Every structure is written in structure tokens, then in C-alpha cells.
Amino acid sequence: MSQPAEVQPDRTDFMRDADRFRRELLAHCYRMLGSVDDAEDLVQETYLRAWRAYDSFEGRSSVRTWLYRIATNACLTALQHSGHRVLPSGLGAPGDDPDADLVPAPVDTAWLQPFPDSVLRRSDDPAEIVASRSSLRLALIASLQYLPARQRAVLILRDVLAFPATEVAVILGMSVPGVKSALQRARARLDDVAATPDDIVEPDSPEARAILDGYIAAFENADAQTLQNLLRSDASLQMTPTSTWFSGKRTCAPFLARHVLRTPGEYRMFPTIANGQPAAVAYRRNPDDVMAFFAIAVLSTDEVHITGITVFADPVLARRFGYVDVLPAEHAAATGERRPTV
């Protein structure tokens, strides 16, 4: 008498169900790595490993916990072969001369990348949206990079994602007391390296939007006085890929006025959100009179002023944020918010 055929698990159904966690896993890997590019690679690897290992999945934990275990350990492996990612403020003291030449960063500098808000999983719960955005703010991501990799993972899993200590222990192959000890050390280290906490202003609030609109208008009109008025006295300005940065309006404002805001029409900008903060997609007119993508500028704000500007001048970011590399003529000359999307 023949034996009944063994029923094989249905990987197709599994991957369809598991795919709903893809966006939150991308945000998780970004918090771990500080790079959207690397995070996407690791999420792809996570799903490939899950596909291959599904036969051995015994259901002792939820599919979500299992995927986080694969993703987190893939990130830990990747971090063994790379240094932490930085912003210019992580390379040295601020500049005190707004007219000095910008200092190029070392060629092997690994820069932090901005995270597009469009990548986040959408939710009908406003509180969930606020929590997701606040856990991706640039100041937090930059501070996380200073934690040892395993402490970083513990802190993100416990304090950001609210996994119980028992599940974190399973994900990382640690004991529960080990998780609690690592979390305590991570919190203490984060207190040492974290910048002064920002006022949390939602990027699509009227206050933040008014500040962003003023910032964009100042650049498009080369209006240095308006931009100076928007800056808080302790505002900072950081610009990758240079190691030069400024702290305080007394240096930020003259640098922008003398070396950036030179000619009306030199810049064309579009509002967006990055790292849960108001941001601008910036194009700059080149010598051939072409408006080419220039940078993503991420703003930190209170309800009245800009407290920080971080400029990411990386050409790959245009398409990462859903924009074209070069503006068509109708967008280059126009005003308003019509998006030249890819």
C-alpha cells in the first residue's frame, strides 16, 4: 500500500502574506544601517533567505518575528564589514569662517542617507504615523550609528518596535538578562552621543509647511534676508559630501548669503518629507542652463524657525525620492508644486 504523498508547505501563500511586512522591515534595516540602498539590499536578502528556509519554519514565533530575526541578523553581519555612517558633524568641530573654502571629506567616508517618507507603510492611525516618523528623524539615526551593532539592534527592537525582551532574545540568540543589560548600556550610550532633542513638529503641520514654503521661496528668489529670518540663533548647516559644517546663525546666514543665494532662478525646489521632517528636492541651474538635480535638503524645525539644515548632495537621491534627474523646461520655469516625477 502506497504512503500518502507528503504535503509541501505553500511558499507562494507564505510570501504573499509576508510581503505586508516589507516596508517596516526596510525602515528597520535603515535604522540599523543608516543607508536606504543597503537597507533595500538586506530586505531582498531577508526574503530570499525566508523563501529558502520556509520548510524549516516551525511556527514557534510569528512570521513577523521570524522575518525580523532574519533581517536583524543579516544587518549585524553586514555591519561587521562596514563602518558607521556619519553626517559632517560627526567628522569634527563646526567651521567658524563662513568665507573659508569647503573642506572635502575623506574619500572613504560613508555618509548617512535620507529616508523618503513615501517608503513608509501608510496607516489610518495618526499616532502610528507620528511614531513611525519620529523613529526615523535624522538626529536619532545619526546617534544610533555610534552604538555597537548588537546594542543598536536591542535598542531598536525594544524601544522603537516594542518587541518584548523575550522575543528580542529569540531574534538575537541572547538570554533575556543579556537583552536587558545591552538595552541599559545602549540607552546610556545614546544619552552621551545624542544631540539636543528636536521639538517634534509634524512635517505636514501648518507650521512646518509655512517654514518649508519660506525656505523654498528664499532659495528660488535668492532672498538671503528671508532665509536669515527663518533661522533660529542656534541653527546648524551641514552639507554632504564636505566635512565643513556650521553651527549658529552667525556663521550659517553669511555663508548662505555670500556663497549659495546668488542669483534668483538659480534653484528650483519641490516640497517633500524625509526622515519624518520637512524637506526640499532641489534642482540647480548648471552652466548649460539646464536645471539638474542638486540635493535633498532636510529641515529640522520648531514651530517658528529652522533649527537645522542637512543637505544631501548625492545624484542617486533624485530617483530614490521619485524625481527626475533633469527638469523639463515647463517645470524649470514654473512656480508651485507640480512634481516632475519619474
Side-chain angles (χ1 to χ4, degrees), residues 22-23 26-27 29-30 33-44 85-88 102 104-105 107-120 136 138 141 203-204 209 212-213 215-222 227 237-244 256 259-299 309-342:
R22 185 178 295 270
R23 288 178 180 246
L26 181 61
C29 292
Y30 171 74
L33 303 170
S35 162
V36 182
D37 294 335
D38 292 349
E40 285 198 336
D41 290 343
L42 267 295
V43 170
Q44 287 294 101
R85 290 181 173 267
V86 297
L87 293 174
L102 299 179
V107 293
D108 59 348
T109 301
W111 294 111
L112 203 68
Q113 292 182 327
F115 189 89
D117 187 77
S118 59
V119 175
L120 286 175
L136 290 165
L138 272 178
I141 300 300
D204 41 17
R209 188 52 192 271
L212 179 60
D213 287 347
Y215 175 86
I216 289 174
F219 266 81
E220 293 186 341
N221 298 319
L227 187 55
L237 172 63
Q238 306 191 62
M239 306 157 290
T240 70
T242 78
S243 60
T244 300
L256 290 167
H259 305 289
V260 180
L261 303 180
R262 296 174 294 192
T263 307
E266 182 178 1
Y267 294 95
R268 179 81 171 92
M269 293 185 170
F270 301 87
T272 189
I273 298 174
N275 292 84
Q277 299 168 228
V281 180
Y283 291 82
R284 186 177 186 183
R285 196 176 302 279
N286 65 23
D288 297 323
D289 202 32
V290 172
M291 278 286 191
F293 174 79
F294 174 62
I296 301 292
V298 183
L299 307 185
I309 304 170
T310 307
V311 179
F312 296 91
D314 183 347
V316 306
L317 293 176
R319 294 184 180 266
R320 171 70 64 200
F321 277 76
Y323 281 78
V324 295
D325 298 320
V326 175
L327 281 184
E330 64 270 22
H331 292 287
T335 59
E337 297 179 14
R338 291 173 53 215
R339 285 187 53 172
T341 52
V342 294

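Predicted, not measured: the structure shown is a model, and the values here were computed from it.
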* Report the C-alpha separation of Glu40 and Arg22 in whole Å, then their side-chain angles, then the decisive distance to 0.1 Å, and conclude whether the side chain to side chain contact (heavy atoms under 4.5 Å, CB included) test is met. => CA-CA 10 Å; Glu40 285 198 336; Arg22 185 178 295 270; over 6 Å; no

* **Heavy-atom pair of closest approach, residues Leu120 and Arg23** => O-NH1, 3.2 Å

* Asked: Heavy atoms, side chains only, cut-off 4.5 Å: are Trp111 and Asp314 in contact?
  -> no

* Just jot down the side-chain hydrogen bond (donor to acceptor under 3.5 Å, both in side chains) partners of Tyr215, sequence neighbours excluded, or say none. => none

* Looking only at atom types and distance, does a side-chain atom of Gln277 sit under 3.5 Å from a main-chain N or O of Leu138, one as donor and one as acceptor? -> yes

* Search all heavy atoms of Thr263 against all heavy atoms of Ala222 and return the closest pair with its distance. => C-CB, 3.6 Å

* Asked: Hey, does the side chain of Thr240 reach the backbone of Val311 with a donor-acceptor pair shorter than 3.5 angstrom?
  -> yes

* Structure fact -> Residue set satisfying side-chain contact (heavy atoms from CB on, under 4.5 Å) with Pro104, at least two apart, ordered chain then number -> none

* Classify the angle between the aromatic ring planes of Phe270 and Tyr323 as parallel (below 30°), tilted (30 to 60°) or perpendicular (above 60°). => tilted

* To do: Taking all non-hydrogen atoms of both residues into account, name the closest pair between Met291 and Gly265 and its distance.
  => CE-O, 3.0 Å

* Structure fact -> d(Asp213 CG, Met269 CE) to nearest 0.5 Å is 12.5 Å

* Under 4.5 Å between any side-chain heavy atoms of Pro271 and Ile216, yes or no? -> yes

* Euclidean distance, Leu212 CG relative to Thr272 OG1, rounded to 0.5 Å -> 9.0 Å

* Do you know which two heavy atoms are closest between Ala279 and Val298, and how far apart they sit? -> CB-CA, 4.0 Å

* side chain to side chain contact (heavy atoms under 4.5 Å, CB included) between Phe312 and Leu87, intermediate numbers included -> CA-CA 9 Å; Phe312 296 91; Leu87 293 174; 3.8 Å; yes

* Asked: Heavy atoms, side chains only, cut-off 4.5 Å: are Val281 and Ile296 in contact?
  -> yes

* **Main-chain N/O of Phe115 paired with Asn275 side-chain donor or acceptor, under 3.5 Å** => yes

* Do Val36 and Pro116 have side chains that get closer than 4.5 Å, going by heavy atoms? -> yes

* Asked: Can you list the residues that meet the salt bridge (charged side-chain N to carboxylate O under 4.0 Å, His left out) rule with Asp38, with sequence neighbours excluded?
  -> Arg85

* Hey, is the main chain of Gly276 close enough, under 3.5 Å, to the side chain of Asp117 for a donor-acceptor pair? -> no

* Under 30°, 30 to 60°, or over 60°: which ring-plane class applies to Tyr267 and Phe219, parallel, tilted or perpendicular? -> perpendicular

* To do: Would you please name every residue forming a salt bridge (charged side-chain N to carboxylate O under 4.0 Å, His left out) with Arg284, sequence neighbours left out?
  => Glu266

* Structure fact -> Separation between OG1 (Thr244) and CE (Met239), nearest 0.5 Å, reads 6.0 Å

* **With Gln113 via side-chain hydrogen bond (donor to acceptor under 3.5 Å, both in side chains) - residues at least two apart** => Ser35, Asp37

* Nearest heavy-atom neighbours spanning Leu136 and Ile141 -> O-CG1, 3.6 Å

* Asked: Between Tyr283 and Phe294, is a side chain to side chain contact (heavy atoms under 4.5 Å, CB included) present by the stated rule, with each step listed?
  -> CA-CA 5 Å; Tyr283 291 82; Phe294 174 62; 5.7 Å; no

* To do: Taking Asp288 for its side chain and Val290 for its backbone only, find out whether a donor-acceptor pair lies under 3.5 Å.
  => no

* salt bridge (charged side-chain N to carboxylate O under 4.0 Å, His left out) partners of Asp289, counting only residues at least two apart -> Arg285

* Which pair of heavy atoms, one from Val324 and one from Ala318, lies closest together, and at what distance? -> O-CB, 3.8 Å

